[in-house]
Amino acid sequence: MLEKRKLNNPGLKIASLVAAILIWIVISNINDPIMTKTIKGVPVRVMNASYLESMGQSYKIREGYNTVTVKVKGKRSMVDELSLSDIEATADMTEIVSLESSPITVPIRVAVGDGSGLVITATPSTIQIDLEELISQDFLITATQNKTTPEVGYAVGQLTPSIEKVAVTGPASIINIIDRVEAPVDVSHMNAGRKISTGLVVYDKNGAQLTDTQMSYLRFEDDQKTVDVYVTIYRVVSDVRLTLAGYNGRPADGYQVAQITLTPSTIAVAGNEEALEKLARNRSEITLDRSLVDIANASASFDVRIENLGEYLPEGLILVTNASDTVVASVEILPYNSKLIKAATAGIEKKYLAEGLNCVFSSAAVQVAVQGPDAGLSKLTASEIGLAVDLSNKGPGTYTVPLEVTLPDEFRTVEDVTVTVVLTATETASNTTDSGNKIDIE
């Protein structure tokens, strides 16, 4: 009977239940204890920026407030495996405390999964922002190939973006430093045209690419962050001769144009097939317009720099990448009864060349301007001209020296002529032992 009363005792039952709960808590805390984990560098995502845009304002987060440190407290089974990717920190612009405060603060909300059973704190608990005028500006899109090149024998003819310009909206301080918007494509090893999709890259006025943080404040028209670039590939033709159709004007009285030479005299071009076929019919020769050289009243030789050569090429042709776009036209002006005679430098006498030196001329030929009677001038040849250089007191090195010219009695030189010589020590062969002593070889 006593035992039955003990079993029906309510107080005993409650005490047993409490004891069981305590035991369960102890066991749970041993197997799955409460812990705190700190995760640094959690990026803050801004929400509802359009709230400020509707007022003609934009924002910039102050330095040091782009990320927060988050502490998560909870059971080890829920906290231990948490990583940066599991946490989202947001700042909703509709929750700005006051637009009149300085700085303006926005509360930060942190979410970790469903957040059940967790205690979450963020440091700092708010971000600080500055408001700026929101402006929009159109920028042309320039397609570029950067340092990439097509297959050998081919060149990029055209890079055409699918849209010509894009409107970029953002804080005035960023929009005002933008210099250009590029659409870079990689044309490596291409030998035929195709369409390439690429992202837009924005550069500032110092030529530096905008940072990810700066880009995060910008909004592109229709969210147009990528474009298609249509790449046209042309075939390259080398050794295309350049000629001049003539010149404008007349030299001074008593003078004549002896010759005009172009440097370079040949170039490499690329073009569509129609333009290349036409070039072939012209025997790979391009003739530049006479208006590019004016000799009016000239009484001495001079050079004319023809810039932007690509502008004077026939339609459908372009200069190959990295080729010089400048041609120099050297105009030789001589008095009447004069002519230029080309003589090989191999025939130049090397006077007083020091023993042990070799002499090499930098060019294979020189031109000597000679004046004399018409009858004899027409028959005068290089074989009748004596040429020499004085190399006395000159050691190894490169020198530009006067050319001594000897002519038949009835002729004279019109202008002084110089020639560039390279003097080098003569190499001698010897066989030596390791100690430097010579070995005689029979």
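These values consider heavy atoms only, across backbone and side chains, with no hydrogens, waters or symmetry-generated copies.
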* Asked: Sequence neighbours excluded, which residues qualify as salt bridge (Lys or Arg N to Asp or Glu O under 4.0 Å) partners of Glu404?
  -> Lys351
* **Donor-acceptor under 3.5 Å (Thr232 side chain, Gly193 main chain)** => no
* Asked: Heavy-atom distance under 4.5 Å between the side chains of Gln137 and Ile178, does that happen here?
  -> no
* Heavy-atom closest contact (Ile306 atom, Ala329 atom, distance) -> CD1-CB, 4.5 Å
* Do Tyr247 and Val331 touch side chain to side chain, with heavy atoms closer than 4.5 Å? -> no
* Kindly write out the residues that satisfy ring-ring contact (aromatic ring centres under 6.0 Å, His included) with Tyr65, not counting sequence neighbours, or none if the list is empty. => none
* Decide yes or no for Thr144 and Pro184: does some side-chain heavy atom of the first lie under 4.5 Å from some side-chain heavy atom of the second? => yes
* To do: Can you spot which of Val68, Thr90, Asn66, Val106 makes a side chain to side chain contact (heavy atoms under 4.5 Å, CB included) with Val44?
  => Val68
* Using the test ring-ring contact (aromatic ring centres under 6.0 Å, His included), find all partners of Tyr59 that sit at least two apart in sequence or belong to another chain. => Tyr217
* Got a sec: does the CZ of Arg241 have more than 12 other heavy atoms crowding it under 6.0 Å? -> yes
* To do: Answer yes or no: is there a donor N or O on one side and an acceptor on the other, between the side chain of Thr69 and the main chain of Lys40, under 3.5 Å?
  => no
* Sequence neighbours left out, what passes side-chain contact (heavy atoms from CB on, under 4.5 Å) with Thr211? Give chain and number order. => Thr213, Gln214
* Around atom NZ of Lys394, are there more than 12 heavy atoms of other residues, nucleotides or ligands at under 6.0 Å? -> yes
* Side chain proximity check, Ile129 to Val46, heavy atoms < 4.5 angstrom -> no
* Mark yes or no for whether Glu277, through its side chain, and Glu274, through its backbone, hold a donor-acceptor pair below 3.5 Å. => no
* Using side-chain hydrogen bond (donor to acceptor under 3.5 Å, both in side chains) as the criterion, list what pairs up with Arg45, not counting sequence neighbours. => Glu88
* Nearest heavy atoms of Asp303 and Ser330, plus distance in Å -> OD1-OG, 3.1 Å
* For atom CG of Asn308, is the number of surrounding heavy atoms from other residues, nucleotides or ligands below 6.0 Å larger than 12? -> yes
* Mind checking what makes salt bridge (Lys or Arg N to Asp or Glu O under 4.0 Å) contact with Glu355, not counting sequence neighbours? -> none
* Asked: Below 4.5 Å, heavy atoms only, C-beta onward: do Ile96 and Leu52 meet side chain to side chain?
  -> yes
* Asked: Can any side-chain N or O of Glu151 pair as donor or acceptor with the backbone N or O of Met190 at less than 3.5 Å?
  -> no
* Asked: Can you name the closest pair of heavy atoms from Arg290 and Asn248 and give their distance?
  -> NE-OD1, 3.4 Å
* To do: Looking only at non-hydrogen atoms, find the nearest pair between Lys37 and Glu81 and report the distance.
  => NZ-C, 4.3 Å
* Structure fact -> Sequence neighbours excluded, the answer for side-chain contact (heavy atoms from CB on, under 4.5 Å) partners of Ile163 is Ile141, Gln224, Val227
* To do: Assess the side chains of Thr326 and Ser324: does a donor N or O sit below 3.5 Å from an acceptor N or O?
  => no
* With a 4.5 Å limit on heavy-atom distance, are the side chains of Val202 and Phe220 in contact? -> yes
* Asked: Which atoms form the tightest heavy-atom contact between Ala122 and Val110, and what is the distance?
  -> CB-CG2, 3.5 Å
* Asked: Taking atom types as modelled, is there a side-chain donor on Asn48 or Asp92 under 3.5 Å from an acceptor on the other?
  -> yes
* **Those residues that, when tested against Ala382, pass side-chain contact (heavy atoms from CB on, under 4.5 Å) (two or more places apart)** => Ile341, Ala343
* Asked: Side-chain donor-acceptor pair under 3.5 Å between Gln128 and Thr105, yes or no?
  -> no
Give the table of side-chain donor-acceptor pairs shorter than 3.5 Å for residues 361-380, with sequence neighbours excluded, one pair per line with atom names and distance.
unit_1	atom_1	unit_2	atom_2	d
Ser362	OG	Thr420	O	3.4
Ser363	OG	Ala365	O	3.3
Gln367	OE1	Gln259	NE2	3.4
Gln371	OE1	Arg412	NE	3.2
Gln371	OE1	Arg412	NH2	2.3
Gln371	NE2	Tyr336	O	3.0
Asp374	OD1	Asn337	ND2	2.6
Asp374	OD2	Asn337	ND2	3.1
Ser378	OG	Ala375	O	3.0

* Asked: Is there a donor-acceptor pair closer than 3.5 Å between any side-chain N or O of Ser162 and the backbone N or O of Asp228?
  -> yes
* Is the OH atom of Tyr352 crowded by more than 12 outside heavy atoms at less than 6.0 Å? -> no
* So, for Asp390 and Ser392, which heavy atoms are closest and what is the spacing to 0.1 Å? -> OD1-OG, 2.8 Å
* **Whether over 12 other heavy atoms sit under 6.0 Å from Glu273 CD** => yes
* Considering only heavy atoms from C-beta outward, does the side chain of Pro314 approach that of Lys278 to under 4.5 Å? -> no
Give the table of side-chain donor-acceptor pairs shorter than 3.5 Å for residues 154-161, with sequence neighbours excluded, one pair per line with atom names and distance.
none

* So do the side chains of Ile267 and Leu242 get within less than 4.5 Å of each other, counting heavy atoms only? -> yes
* Among all residues two or more places apart in sequence or in another chain, which pass the salt bridge (Lys or Arg N to Asp or Glu O under 4.0 Å) test with Glu95? -> Arg109
* salt bridge (Lys or Arg N to Asp or Glu O under 4.0 Å) with Asp86: which residues, sequence neighbours excluded? -> none
* Side chain of Ser301, backbone of Ile333: donor and acceptor closer than 3.5 Å? -> yes
* To do: Using modelled atom types only, decide if a donor and an acceptor are shared between the side chain of Thr287 and the backbone of Ala245 within a distance under 3.5 Å.
  => no
* Asked: Any chance CZ of Arg62 has more than 12 other-residue heavy atoms, nucleotides or ligands included, within less than 6.0 Å?
  -> yes
* To do: Mark yes when over 12 heavy atoms from residues, nucleotides or ligands other than Glu164 sit less than 6.0 Å from its CD; otherwise mark no.
  => no
